[in-house]
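Contents: one structure, followed by commentary.
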Amino acid sequence: MKAITVEPMKSGSARFEDVPEPDPREGSVLVEALAVGVCGTDVEIAEGKYGWSPPGATRLVLGHESLGRVVDPGPSGGLRKGDLVVGIVRRPDPVPCPNCAVGEWDMCRNGQYTERGIKQIHGFMSERWRIEPEYAIKLDPSLGLLGVLLEPTTVIAKALEQVAMIGRRSFWEPRTVLVTGAGPIGLLAALAARTYGLEVHVLDRVESGPKPDLVRALGATYHSGSVKEIGFEPDAIVECTGVGQVIADSIQAIGASGIVCLTGVGHGGTVTAAACADVAASAVLKNNVIVGSVNANKRHWYKAGNLLARADRTWLRRLITRCVKPEDFGQALERKPEDIKVVIQFSEA
Ligand SMILES: [Zn+2]
């Protein structure tokens, strides 16, 4: 079968090539790939900046935002031939740490977790893949290709759950949410927050194109410019840019007893000693919580599946701005300013 593979930490090593059929040790459920979403992590792996191949192998099958159709459910009782499924990305560490031991692998304490298509397990950019039945999430069949949005939605399901759980430390009835960054994660955060009935504001650099329209179509307010100019103090901020200045401004702009949830991974930016103390003083005086959130456990995958199943299909479809054939994977790894979610399509959904 064909797969998109890469030699981790070696730039320009990605290729579409013949590989053996998936190893039965990767799971008893055999799945035909329909589509795989591309995100910044895939681009970083292809650029040789990140990623680990499986033990004993030099190459890694790329891809972690999966969507497939069950070809053979194996002995599993919960799946049938033809079901649409998405594979959970992370696996618990083998020690395991206390969090992995209770199924909260998203909160792994020792960093020895593995991840499909990223860290030591082959990903989903192959014509067929296998998965353990307990790590296959069955989708509402009416989602079709839109099921490829499940993995990024899990990131938001976890982040918003974190915010809600922290909010319970005091009397807190959030009304306004600011989402910084209108990429796939930010737009899905806005969708989720609107579903929960909140007043949603989304901030991004761009002033035109699909992003402002997509935000307004949710009944949310779009802002371009800086966080300092939004004109109100949000009850919660979901930060999805990873940009130093946006993070610093968010921490200053959050309302009293508000929560800033950081989901973006960036680098660089400077915080002087004085500015750092200002940021801390602001957090102290307003009882703010600044929380980081990454990955998702099975509960979040389930919640994300429900969120997508309830969402407007026309709106979700507009998030997928390009579909690329697997042999043209190089085009999918190029980031164009007008892209929201780029998908590599292996087969008709
Ligand atoms: Zn662990």
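One is the number of the first residue; the rest follow in order along the sequence. These numbers come from a predicted model, not from an experiment. In listed order, ligands and their atoms are each counted from 1.
Residue pairs that meet the salt bridge (charged side-chain N to carboxylate O under 4.0 Å, His left out) test with at least one member in residues 228-240, sequence neighbours left out, are Lys228-Asp249. The ring-ring contact (aromatic ring centres under 6.0 Å, His included) contacts involving residues 72-93 comprise nothing, where partners must be two or more places apart or lie in separate chains.
Asn288 contributes a side-chain N or O that, together with a main-chain N or O of Gly255, makes up a donor-acceptor pair within less than 3.5 Å.
The aromatic rings of Trp129 and Phe124 sit perpendicular, their planes meeting at an angle over 60°, well past the 30° parallel limit.
Excluding waters, the set of protein N, O or S atoms lying under 2.8 Å from the Zn ion (ligand 1) comprises Asp93 OD2, Cys97 SG, Cys100 SG, Cys108 SG.
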What side-chain donor-acceptor pairs closer than 3.5 Å can you find for residues 100-108, not counting sequence neighbours?
residue	atom	partner	partner atom	Å
Trp105	NE1	Ala296	O	3.1
Asp106	OD1	Asn297	ND2	3.2
Asp106	OD2	Lys158	NZ	3.0

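Between Pro141 and Leu84, the shortest heavy-atom contact is O-CD1, 3.8 Å.
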